[in-house]
Trainee: 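Please see the structure below; I have some questions.
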Amino acid sequence: MLLARAIRIPPSRNLISRTAKALSSLETARMRGAVVDVHPEVEDALATGKPVVALETALITHGFPYPASLELSLSLETIVRSQGSIPATIGLIDGRVKIGLEKEEFERLASREKSPAKISRRDIAAAMALKSDGGHTTSLSLRFSLANTCMILTGTTCSATLIFAALAGIKIFATGGLGGVHRGGESCKYLYFIFRLTEKQVQLAPAMDVSADLGELTRCPVALVSAGVKSILDIPRTLEYLETLGVPVLTYGPSQEFPAFFSRHSGAFVPWNVDDPVKAAKILHHQWQLGMDNGVVFAVPIPNEYEEAGATIQQAVDQAVAESVENGVSKLGKDVTPWLLSRVGELTQGTSRASNIALLENTALVAPLIVIGSSAVDISAQALGDNKVLTARSTAPGHVSLSLGGVARNIAEASHRLLSASGAIPRLTPVLVSPIGDDAFGRLLIKETTELGMRVDGFVQSSKPTAVCNMVIDSNGDLIGGIADMDIVKALKTGTVIPHIERHKPRFVAVDGNLSPETIKGVVGRCNKDDIQELASPVFFEPTSVTKSTAVFPAVVSSLEHFRDGAPIAFISPNTLELSHIFSYAESFGLTSHSSWWQTMDDLSLGTSFRSDLERLARINTSDRDPSRGTLAFVVEKGIAQMAVKLLPFFQHLIIKCGERGVFVVMRISGASAATSSWTGLNTEISQRRIIAHGKTKGNAVVLQHFPPQPLEKLVNVTGAGDSFVGALLASLVHDPRTFHHPDTLANAIMISQQAALLSLKSALAVSPHLSNMLPRFWNE
């Protein structure tokens with residue numbers, strides 16, 4: 001899951017210094033002869049800083065019947081792998097602790113041939129000594145009844161998995177439901193025996209029925225991601241108890257309402273919520289910095305499609321609890337929870353099981369960025385020696401190479417590499433939604449993408465052949481021409497894409513121009529659907545080419561009436577040729593005569609002072625390092641500034657790639673962003689290559705900012721450089737959605753993006769592997 005990626009520890013920053021305590025604990029246990037087997041794949045991931053997610057085995061041994069238990073456990077591992085993380089399912093086999101299981105070990109636990117036990121902190125040593133099989137779940141609370149002093153055991157979930165995850169240095173544990181305070185616990189007649197051996201006496205103290213999961217969270221520095229507390233428990237009192245213990249509890253999503261396992265609503269609220277893995281990772285990182293050894297609970301609500309069944313299931317839970325009191329089951333200790341869950345299943349006729357599976361799978365899924373468009377196999381043929389050998393109707397000596405390509409895929413890889421770069425910054429990976437064929441090229445894409453550590457759960461199987469781009473490149477690295485078979489991308493339909501957006505609720509959605517206009521329109525419509533701006537997903541459009549750059553306009557036209565303060569497309573990244581074509585299209589189809597266009601332009605109130613500022617900016621050198629590159633006169637003479645400003649009603653931010661002349665950003669500050677943007681308090685500074693024109697409405701402004709080019713030492717291949725630029729820029733936006741709100745953060749983001757493009761220009765591959773070595777220092781600030 002992405003939270004695991006967000007806190008994985010890079011070896012270049014001294015892995016041991018960050019996980020010294022955990023590694024020391026594991027090594028100490030091994031030195032003492034403890035039989036703890038860490039799967040080689042898990043051990044390698046921990047040693048090299050790859051993300052690892054712990055999973056429990058209680059759902060195999062006690063949660064679901066066979067073979068559903070086996071299928072679900074393998075499904076959860078597949079989900080974790082699909083997001084670039086390594087699953088570490090934890091269990092006990094023949095008295096040996098297993099951190100990571102083989103398939104036959106899954107089958108052994110699921111078959112329950114040896115009647116595996118639930119293993120908790122209390123049971124670990126005994127189970128190891130007696131060579132038992134066990135599914136790690138909860139600590140069992142020991143209680144005594146004053147009436148008959150008969151021992152009663154109560155099983156709940158999670159604590160042993162927390163113990164061994166912490167022992168191995170695994171920072172994320174994904175599960176279904178957390179244990180807690182049982183209903184009616186405040187009025188229970190059971191009492192704990194507390195022994196004080198030094199005084200040789202027994203004291204009695206009143207106690208509620210409380211799962212030891214909660215106490216385990218105070219000593220295991222692991223993030224527990226779950227669907228909340230089981231709905232058969234007392235959720236408000238559980239949250240109060242966690243507060244007393246000092247365990248942070250946060251919801252994941254826009255609401256602070258704590259989920260009720262089978263339902264998104266419990267009526268109980270927590271003080272904090274996060275809506276992306278970056279913030280969640282920072283919480284864990286700050287706890288580590290302060291030396292805090294407690295865990296953190298992140299509650300992820302069940303998917304929306306199962307919410308309708310939630311109310312029915314909750315009624316069944318209430319009925320089952322009432323029946324347990326009436327028939328005396330509530331006094332049977334460890335048998336209470338299994339009976340309640342079984343009874344709920346009966347009352348709901350299996351609906352609760354489907355919801356349970358959904359929430360288990362959902363806790364392993366989070367995504368801040370979705371990139372939609374083409375994935376292709378690039379076949380590049382580069383001539384050797386004199387370019388005169390490249391003549392018609394003839395072959396020429398050279399090199400032919402095969403690599404991964406496609407605009408969306410390149411963008412996703414660049415973003416993935418940068419977000420996974422070395423340094424103490426959050427690490428995430430985007431979801432690439434892209435069609436592939438059932439052929440050798442499609443299988444190659446899956447294999448190579450997996451090896452890059454990227455997610456593959458967004459690949460869509462198609463009956464059409466996988467996209468292939470065959471390019472001819474001269475000896476200087478410049479593209480001469482080629483053939484691109486991209487029909488498969490045009491066939492990708494909106495109905496296939498939208499479920500990915502609804503499932504992951506990404507912070508940003510990027511689309512490339514290879515998609516059909518109808519699909520782009522559907523995606524933009526869905527992303528702009530939410531009335532609450534915080535729930536919407538801003539769209540980043542990469543034009544791809546001159547001919548494909550206008551594919552976005554049906555989406556613009558259909559959404560134009562709904563935007564007064566913003567624009568249908570939040571970001572667009574054309575080069576100068578694409579910008580000119582986009583403007584000509586908008587003008588020829590009358591979009592610059594639309595009433596909403598006039599309203600926006602009138603509010604901008606650009607007059608003689610703006611034109612004067614443009615003339616002054618045109619006299620500034622393109623590069624302070626290299627005056628031979630000329631001045632910024634091209635911005636005015638070629639109409640780049642004027643066209644970009646006139647496109648602002650359609651596109652909120654235009655990031656114009658000017659090649660060897662740098663990057664020119666034109667954007668509009670308006671609406672809610674105006675209140676938090678630093679630009680509104682600034683004025684034009686030509687020396688800083690900046691023009692700011694304030695509009696009629698307070699806080700609204702137009703910003704024009706030029707960023708000089710960075711020197712290129714060697715050109716190898718132009719393919720993928722622009723995609724690397726966009727991918728790096730998206731990585732900055734994922735890290736900080738307010739990147740464009742401040743001059744410094746924008747300048748740093750453009751600088752990183754330019755560096756990413758330069759690295760790819762010097763690489764034979766579309767996206768340079770060296771992006772993984774970049775260290776965006778400003779992300780730490």
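Computed from a predicted model, the values in this text were never measured in an experiment.
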Trainee: Which residue pairs pass the salt bridge (Lys or Arg N to Asp or Glu O under 4.0 Å) test when at least one of the two sits in residues 578-594, sequence neighbours left out?
Mentor: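 Checked against salt bridge (Lys or Arg N to Asp or Glu O under 4.0 Å) - neighbours excluded - no pair reaches residues 578-594.
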Trainee: If the condition is side-chain contact (heavy atoms from CB on, under 4.5 Å), which residues does L715 pass it with, not counting sequence neighbours?
Mentor: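 side-chain contact (heavy atoms from CB on, under 4.5 Å) check on L715 returns D478, L712, V718, L761.
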Trainee: Apply side chain to side chain donor-acceptor pair (under 3.5 Å) to the pair H742 and S678, showing each step before the final yes or no.
Mentor: CA-CA 5 Å; H742 305 282; S678 297; 2.4 Å; yes
Trainee: Determine, step by step, whether L759 and M774 satisfy the side-chain contact (heavy atoms from CB on, under 4.5 Å) criterion, reporting the C-alpha distance in whole Å, the side-chain angles of both residues, the deciding distance to 0.1 Å, and the verdict.
Mentor: CA-CA 10 Å; L759 286 174; M774 293 179 66; 3.7 Å; yes
Trainee: Can you check side-chain contact (heavy atoms from CB on, under 4.5 Å) on R668 and L604, steps first, answer last?
Mentor: CA-CA 9 Å; R668 179 161 61 106; L604 296 181; 3.6 Å; yes
Trainee: Are the side chains of L402 and V377 in touch, meaning some heavy atoms are under 4.5 Å apart?
Mentor: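 In contact.
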Trainee: Do the side chain of S605 and the main chain of D602 share a donor and acceptor less than 3.5 angstrom apart?
Mentor: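 Between the backbone of D602 and the side chain of S605 there is no qualifying donor-acceptor contact (under 3.5 Å).
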Trainee: Taking all atoms of both residues into account, what is the closest heavy-atom pair of S760 and S768, and its distance?
Mentor: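 Result for this residue pair: OG-N, 3.1 Å.
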Trainee: What pair of heavy atoms forms the shortest contact from T494 to G522, and how long is it?
Mentor: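 For T494 versus G522, the nearest heavy atoms are CG2-CA, 3.7 Å.
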Trainee: State, yes or no, whether a side-chain contact exists between I656 and V665 at a heavy-atom distance under 4.5 Å.
Mentor: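 In short, these two side chains do not touch, never coming nearer than 4.5 Å.
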Trainee: Can you list the steps and then say if F540 with L729 is a side-chain contact (heavy atoms from CB on, under 4.5 Å)?
Mentor: CA-CA 10 Å; F540 194 120; L729 189 57; 4.0 Å; yes
Trainee: Check the pair R409 / D723 against salt bridge (charged side-chain N to carboxylate O under 4.0 Å, His left out), numbers first and verdict last.
Mentor: CA-CA 9 Å; R409 197 218 65 84; D723 301 338; over 6 Å; no
Trainee: Would you name the heavy atoms of N410 and G720 that are closest together and state the gap between them?
Mentor: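 Between these two residues, the closest heavy atoms are ND2-CA, 4.2 Å.
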Trainee: Between SG of C527 and CD1 of I498, what distance do you get to the nearest 0.5 Å?
Mentor: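 Taking SG in C527 and CD1 in I498, the distance rounds to 6.5 Å.
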Trainee: Determine whether T519 and S516 satisfy the following criterion, side chain to side chain donor-acceptor pair (under 3.5 Å), listing intermediate values before the conclusion.
Mentor: CA-CA 5 Å; T519 299; S516 69; 2.9 Å; yes
Trainee: For D603 and T697, run side chain to side chain donor-acceptor pair (under 3.5 Å): C-alpha distance rounded to whole Å, both residues' side-chain angles, the deciding distance at 0.1 Å, then the answer.
Mentor: CA-CA 7 Å; D603 185 69; T697 304; 2.6 Å; yes
Trainee: Would you check, one step at a time, whether the test side chain to side chain donor-acceptor pair (under 3.5 Å) holds for S596 with H594?
Mentor: CA-CA 6 Å; S596 63; H594 195 280; 2.8 Å; yes
Trainee: Using the ring of each side chain (for Trp, its six-membered ring), is F651 parallel, tilted or perpendicular to F553, with breaks at 30° and 60°?
Mentor: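 Perpendicular: the ring planes of F651 and F553 meet at over 60°.
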Trainee: Let me confirm one number: the CG-CG distance from D474 to L384, rounded to the nearest 0.5 Å.
Mentor: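 Interatomic distance, D474 CG to L384 CG, rounded to 0.5 Å: 11.5 Å.
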Trainee: Begin with the C-alpha distance, continue with both residues' side-chain angles, and end with the deciding distance and a verdict on side-chain contact (heavy atoms from CB on, under 4.5 Å) for L730 and I411.
Mentor: CA-CA 8 Å; L730 280 164; I411 291 172; 3.6 Å; yes
Trainee: State whether the side chain of S559 and the backbone N or O of A555 hold a donor-acceptor pair below 3.5 Å, judged by distance alone.
Mentor: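 Checking the backbone N and O of A555 against the side chain of S559, a donor-acceptor pair under 3.5 Å is found.
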Trainee: Donor-acceptor pair, distance only, cut-off 3.5 Å: does the side chain of S415 make one with the backbone of A412?
Mentor: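 Looks like no, no N/O pair under 3.5 Å.
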Trainee: Are any of the side-chain heavy atoms of V767 and R417 separated by less than 4.5 Å?
Mentor: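 Yes - at least one pair of side-chain heavy atoms lies under 4.5 Å apart.
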Trainee: In this structure, are over 12 heavy atoms from other groups packed under 6.0 Å from K490 atom NZ?
Mentor: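 Atom NZ in K490 is packed in, count exceeds 12.
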Trainee: In the structure I gave you, are the side-chain heavy atoms of I669 and N700 within less than 4.5 Å of one another anywhere?
Mentor: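 No; the side chains remain at least 4.5 Å from each other.
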Trainee: Counting C-beta onward and ignoring hydrogens, is there a side-chain heavy-atom pair between R507 and V734 closer than 4.5 Å?
Mentor: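 No, too far: nothing below the 4.5 Å cut-off.
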Trainee: Can you tell me how far the CD atom of E685 sits from the CG atom of D613, to the nearest 0.5 Å?
Mentor: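 Taking CD in E685 and CG in D613, the distance rounds to 11.5 Å.
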Trainee: Please determine if R619 and E615 form a salt bridge, counting it only when a charged side-chain N lies under 4.0 Å from a carboxylate O.
Mentor: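 No, no charged N to carboxylate O under 4.0 Å.
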Trainee: Does a donor on one side chain and an acceptor on the other come within less than 3.5 Å for H694 and N683?
Mentor: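 Judged by distance alone, the side chains do pair up.
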Trainee: Determine yes or no for a side-chain-to-main-chain donor-acceptor pair under 3.5 angstrom, with Q754 supplying the side chain and P708 the backbone.
Mentor: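 Judged by distance alone, yes, a pair lies under 3.5 Å.
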Trainee: Any pair with a residue in residues 641-664 that passes salt bridge (Lys or Arg N to Asp or Glu O under 4.0 Å), sequence neighbours left out, goes on the list, sorted by first then second residue, please.
Mentor: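 Passing the test, one end in residues 641-664: E542-K657.
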Trainee: Salt bridge (Lys or Arg N to Asp or Glu O under 4.0 Å): which pairs involve residues 623-637, sequence neighbours left out?
Mentor: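 Qualifying pairs, neighbours excluded: D624-R689, D626-R629.
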Trainee: Within a radius of less than 6.0 Å around NE2 of H770, do more than 12 heavy atoms belonging to other residues, nucleotides or ligands occur?
Mentor: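 Counting neighbours around NE2 of H770, 12 or fewer heavy atoms of other residues, nucleotides or ligands fall under 6.0 Å, so no.
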Trainee: Is the closest side-chain heavy-atom distance between P506 and L369 below 4.5 Å?
Mentor: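 The answer is no; the side chains never approach within 4.5 Å.
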Trainee: For the side chain of T745 and the backbone of T739, is there at least one donor-acceptor N/O pair under 3.5 Å apart?
Mentor: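 The answer is yes, because a donor-acceptor pair under 3.5 Å joins these two groups.
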Trainee: Please find the pair of heavy atoms, one from A757 and one from A721, that lie closest to each other, and give the distance.
Mentor: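 Heavy atoms only, the tightest pair is CB-O, 3.5 Å.
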Trainee: Decide ring-ring contact (aromatic ring centres under 6.0 Å, His included) for F740 and F571; before the verdict, give the C-alpha distance in whole Å, the side-chain angles of both, and the deciding distance to 0.1 Å.
Mentor: CA-CA 10 Å; F740 278 71; F571 303 91; 5.2 Å; yes
Trainee: Would you check if the side chain of T680 reaches a backbone N or O of S677 as a donor-acceptor pair within less than 3.5 Å?
Mentor: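 Yes, T680 side chain to S677 backbone: donor-acceptor pair under 3.5 Å.
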Trainee: For residues 374-384, which residue pairs pass the side chain to side chain donor-acceptor pair (under 3.5 Å) check, not counting sequence neighbours?
Mentor: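 Side chain to side chain donor-acceptor pair (under 3.5 Å) check on residues 374-384 returns S374-D512, S374-N514, S375-S434.
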Trainee: Calculate, to the nearest 0.5 Å, the distance between atoms CG and OG1 belonging to L404 and T449 respectively.
Mentor: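 With rounding to 0.5 Å, CG (L404) is 5.5 Å from OG1 (T449).
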Trainee: If you round to the nearest 0.5 Å, how far is CG of L515 from CZ of F541?
Mentor: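 So the gap between those two atoms works out to 8.5 Å.
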Trainee: Heavy-atom distance under 4.5 Å between the side chains of L432 and I372, does that happen here?
Mentor: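 SC-SC contact between L432 and I372 ruled out.
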Trainee: Heavy atoms, side chains only, cut-off 4.5 Å: are L579 and L647 in contact?
Mentor: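 Result yes, sub-4.5 Å side-chain heavy-atom pair found.
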Trainee: What pairs with R611 under side-chain contact (heavy atoms from CB on, under 4.5 Å), at least two apart in sequence or on another chain?
Mentor: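 By the side-chain contact (heavy atoms from CB on, under 4.5 Å) rule, R611 matches T608.
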Trainee: Which atom pair, heavy atoms only, marks the closest approach of W679 to P743?
Mentor: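 In terms of heavy atoms, the two residues are closest at CZ2-CA, 3.6 Å.
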Trainee: Using modelled atom types only, decide if a donor and an acceptor are shared between the side chain of Q705 and the backbone of Q688 within a distance under 3.5 Å.
Mentor: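 Confirmed, Q705 side chain pairs with Q688 backbone.
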Trainee: Distance from I686 atom CD1 to H706 atom NE2, nearest 0.5 Å?
Mentor: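 Here the rounded value is 12.5 Å.
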Trainee: Do the side chain of T631 and the main chain of I620 share a donor and acceptor less than 3.5 angstrom apart?
Mentor: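 No: the side chain of T631 does not pair with the backbone of I620.
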Trainee: Is there a donor-acceptor pair closer than 3.5 Å between any side-chain N or O of S549 and the backbone N or O of V546?
Mentor: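 At least one qualifying donor-acceptor pair exists.
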Trainee: Return the minimal non-hydrogen interatomic distance between V635 and Q642, and the atom names on each side.
Mentor: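 Here V635 and Q642 meet closest at O-OE1, 3.5 Å.
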Trainee: For the backbone of L577 and the side chain of N575, can you confirm whether one donor and one acceptor N or O come within less than 3.5 Å of each other?
Mentor: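 Yes.
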